[in-house]
Structures are given as C-alpha cells and as structure tokens.
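Shown next, in structure tokens, is the structure this report addresses.
Proteins come first, then strands; the chains are lettered A, B, ... in the order of their sequence lines, and each starts at number 1.
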Amino acid sequence: MSLTELWIILGCAAVTLLSRVLPFVFVKQLQMPDWLLSFLTFVPITIMTALTCQGLFIAHPGHLATVNWENLWAAIPATIAGILTKSLLAVVIVGIAAMACLRYFGI
Amino acid sequence: MDSSLTFRTGIKDVLPTVFGYIGVGLAFGIVAHTSHLGLWMVAGLSFIVYAGSAQFIITSMLLAQDPITSIILSTFLVNSRMILMSTSLAQYFRHESLTRNILLGSLVTDETFALAMNKQNHTAGKLSFAWQSAANLIAYLVWGVATLVGAYLGGLIKNPDQFGFDFALTAMFIGLVYLQLISDRKLGVRLQLLVMAFVALIYYFAIGLISENMALLVATAAGCLFGMEMKKCR
C-alpha cells in the first residue's frame, strides 16, 4: 500500500465515520423539533424507494433516463414472491434465479 | 420476522441481506483486482472505510489519479445519506449509553438501516442494542470477506454476472421497500404509495441532470417534504 492509498483510506474513513456517528451523538443529546421528527418518519420509505429506483433506471447524463428492462423483468417475479411469502429471503432468491434464467436464455 | 430482539434473532434477520453483500462484495473485489489494487488496499477500503458504493467510486478515482481531496469529498457526498439514516435510526437508541450509540452508529449501512426500519414495525417501534449489533456485525464481516474473496479470485471468474448475483442488491431493496410498505401502520399504504411514486418521478428526472448519488439525496429529501405536506392534507 502506498502513502497516497493510506491517506485516502484514513480520509475517506474519517468522513464516512463522522456521517454515521455524529447524528447518533446529536440525537442522544438534543431534543429534535417536531417538524424534523415528522420529516424523518418518511426517510425509510423514501430512501428505500430511491435505492430501488437506482437499480431500475439507467442514467444518461444530459438526457432522460431509460428503464433497465432486464432488471425490471427480474423484478416482477421477485415482487410476486414478496407478495406471496412476505419473506425477504424469498424475494432475493427468486430475483437472483429470475436474472440467471433471463441471462441463460438470452432474453 | 417476529418481535424478538436478541442477538441471535439479529443474526437470523440479517441473513437474507447477506446475499446482496456477497454479490456486490464479490463484484467490488473483482473490480478492485482489475484496477490493480492490492489485497491490503481492498481490506483497508472494506474494513476501515466500509462504504459500499463509495468504494467503487474511490477505486475508479484512484485509477484516474484524481487528487486525494476530491476523492475524500466525493466519498463524503456519496455517503451523506448516512446522516439522514443515522438521524432516523438514532431515535430508537436514545436511552442507550453514548458509547453504545457510537458503536451502533459506526456500522450503519443502507441495508441494516432498512432492515431495522422493517423490524420495528414488528416490535411496536422498539429496537435493541443486541439485535442491531448482530445485524451490523454480520453485515460488516460478510462484506469485508466477500470483497477479499472477490479480489483474490478476481482473475479466475471472468463473468460473475451470468449467475444473476448482480441483481441481488436490487432484489433486496425491492423486498425491503415492499415489506416497509405493507407493515408501516403509522403512515399507511395509500400515503406511502403516493410518496413512492413521487420519489420515483423525482429520481427519474434528476438523474438526467445530476449524479445518481445526488439524485438519491434530492429524491429522498423531496419525498419526505412531499409526504409531510400530504399528511397535513388528510
């Protein structure tokens, strides 16, 4: 490992750790205002939706995004598995299997 | 998922997300290998920085010989969503000691955050230090080991995508968002669906204009504000 790499690890680790830990320290010490608590109740659903969208759209900087059709096709059986079983494991396994089938048959 | 909050239950609950970590971790290891990063650098990135998608960005910026300061700034921007997630998650641990809060905070990820938010729907809004630590530690170890295995085997596996593992991450978020939708009784299905549609729309247009990671933040924040307004209207 070079000295540059060492500095990058230390610097990136510091900013990442602070982003993770400082909120815990502040929330413990301070009373949050009501509007912030209300805002935060929507963080789980919004961030999970945005992270899902990241897998379903392909960005083309400067132009409109397109749909990642391969992922969208695999998402259908995965979602059905979720509706039927309410199990995260089932969603992941069916999703992976669906994608492997799509690729195997060259769809 | 049940209402038990022990360390052992934490291990059981986090297992489905492990596939996502293995898939993306192997992919990262392989990318790092082809970008000529040494095993120590991969270990340092995974075990010390521990930043998932940001590790891919650091690797490509290293390859492009970008300055250290811009690599660190990019890492901060990509990970700034951690601030939102940690602030949300920390609400459940205010009664715990500062040391325990710092320990929990230091290993928060997208996945363990989402898992915890699912879990508290089954436990009347409670989480425990033991449960969260188990989820955090398993995720941390599996990620680190998967990236090292990927880096080690990097030369051998030519096309890991044919097994569909690259889809594990998206599948996992589909599962997590669906379970959140049906089990968050405080917000209800209708309001959540409306917020989800809004977030998807904002994200879709935003990625044409700004980077995907910035779009993630903008869509999340806009979705929260939209949700707050919609809730007032009801």
Fill in: Side chains of A/Met48 and B/Met196 in contact at under 4.5 Å (non-hydrogen atoms)
no
Fill in: Per-residue contact mode, B/Ile58 against chain A (heavy atom under 4.5 angstrom)
side chain
Practice prompt. Could you check if a side-chain atom of A/Leu88 sits within less than 4.5 angstrom of a side-chain atom of B/Asn118, using non-hydrogen atoms only?
Written response: no
Item to complete: Determine whether A/Thr4 and B/Ile68 make a side-chain contact, defined as any pair of heavy atoms from C-beta on separated by less than 4.5 Å.
Response: yes
Worksheet item: In terms of heavy-atom pairs under 4.5 Å with chain A, which of B/Phe93, B/Phe198, B/Phe226, B/Phe113 leads?
Response: B/Phe113
Worksheet item: Do other residues, nucleotides or ligands put more than 12 heavy atoms under 6.0 Å from the CG atom of B/Asp2?
Response: yes
Practice prompt. Return the minimal non-hydrogen interatomic distance between B/Ser88 and A/Val43, and the atom names on each side.
Written response: OG-CB, 3.5 Å
Worksheet entry | Between A/Ser19 and B/Asn79: side-chain donor-acceptor atoms closer than 3.5 Å | no
Fill in: Interface moiety of B/Ile202 toward chain A, non-hydrogen atoms closer than 4.5 Å
neither
Worksheet, complete the sentence: Heavy-atom nearest pair, B/Tyr178 first then A/Gly82, reads CE2-O, 3.4 Å
Worksheet item: At a heavy-atom separation under 4.5 Å, does A/Leu72 approach chain B through its side chain, its backbone, both, or neither?
Response: neither
Item to complete: Mind ranking B/Thr109, B/Val49, B/Leu209, B/Thr170 by heavy-atom pairs under 4.5 Å with chain A and telling me who comes out on top?
Response: B/Val49
Practice prompt. Could you tell me which of A/Val27, A/Leu36, A/Leu17, A/Ile8 has the largest number of non-hydrogen atom pairs under 4.5 Å with chain B?
Written response: A/Val27
Worksheet item: Is chain A contacted by the side chain of B/Leu62, its backbone, both, or neither, given a heavy-atom distance below 4.5 Å?
Response: side chain
Worksheet item: What heavy-atom pair brings B/Leu84 and A/Leu40 nearest, and what distance separates the two atoms?
Response: O-CD2, 4.2 Å
Discussion item. Please classify the contact of A/Ile96 with chain B as side chain, backbone, both or neither, using a heavy-atom distance under 4.5 Å.
Written reply: both
Practice prompt. Could you check which of B/Gly38, B/Ala116, B/Ala168 has the highest count of heavy-atom pairs closer than 4.5 Å to chain A?
Written response: B/Ala168
Worksheet, complete the sentence: Looking only at heavy atoms, the pair that brings A/Gly11 and B/Ile72 closest together is CA-CD1, 3.6 Å
Item to complete: Measure distances from B/Ile182 to the heavy atoms of chain A and classify the residue's part below 4.5 Å as side chain, backbone, both or neither.
Response: side chain
Fill in: Option that, when pairs with chain B are counted at under 4.5 Å, heavy atom only, ranks first among A/Ala78, A/Pro61, A/Ala81, A/Ser38
A/Ser38
Response to the item:
If one checks every heavy atom of A/Leu37 against chain B at 4.5 Å, the contacting part turns out to be side chain
Worksheet entry | Closest heavy-atom pair and its distance - A/Ile9, B/Leu45 | CD1-N, 3.8 Å
Discussion item. At a 4.5 Å cut-off on heavy atoms, which part of B/Leu115 comes close to chain A: side chain, backbone, both, or neither?
Written reply: side chain
Worksheet item: Which of the residues B/Met228, B/Met82, B/Met117, B/Gln180 is involved in the greatest number of heavy-atom pairs with chain A at under 4.5 angstrom?
Response: B/Met228
Response to the item:
Checked B/Lys231, B/Lys186, B/Glu96, B/Arg94 vs chain A; the most non-hydrogen pairs under 4.5 Å come from B/Arg94
Fill in: Side-chain donor/acceptor of A/Lys28 to backbone N/O of B/Leu98, under 3.5 Å
no
Worksheet item: Considering only heavy atoms, which portion of B/Thr99 lies under 4.5 Å from any heavy atom of chain A: side chain, backbone, both, or neither?
Response: neither
Discussion item. Looking only at heavy atoms and a cut-off of under 4.5 Å, which of A/Phe57, A/Trp35, A/Phe39 has the most pairs with chain B?
Written reply: A/Phe39
Worksheet entry | Neighbour count >12 (heavy atoms, 6.0 Å) for atom NE2, B/His95 | yes
Fill in: Verdict with reasoning, B/Asp110 to A/Ile47, per side-chain contact (heavy atoms from CB on, under 4.5 Å)
CA-CA 9 Å; B/Asp110 294 340; A/Ile47 216 158; 5.6 Å; no
Worksheet item: In terms of heavy-atom proximity below 4.5 Å to chain A, should B/Val195 be classed as side chain, backbone, both, or neither?
Response: side chain
Item to complete: Say whether, by atom type as modelled, one donor and one acceptor occur between the side chain of B/Tyr204 and the main chain of A/Ala65 under 3.5 angstrom.
Response: yes
Worksheet, complete the sentence: Looking only at heavy atoms, the pair that brings B/Thr87 and A/Pro23 closest together is OG1-CB, 3.4 Å
Worksheet item: Taking side chain as C-beta onward, heavy atoms only, is A/Thr16 less than 4.5 Å from B/Phe76?
Response: no
Worksheet entry | Crowding at CD, A/Gln29 (>12 non-hydrogen neighbours, <6.0 Å) | yes
Discussion item. Heavy-atom cut-off 4.5 Å, strictly under: side chain, backbone, both or neither for B/Leu179 against chain A?
Written reply: side chain
Worksheet entry | Heavy-atom side-chain contact between B/Ser86 and A/Arg20 under 4.5 Å | yes
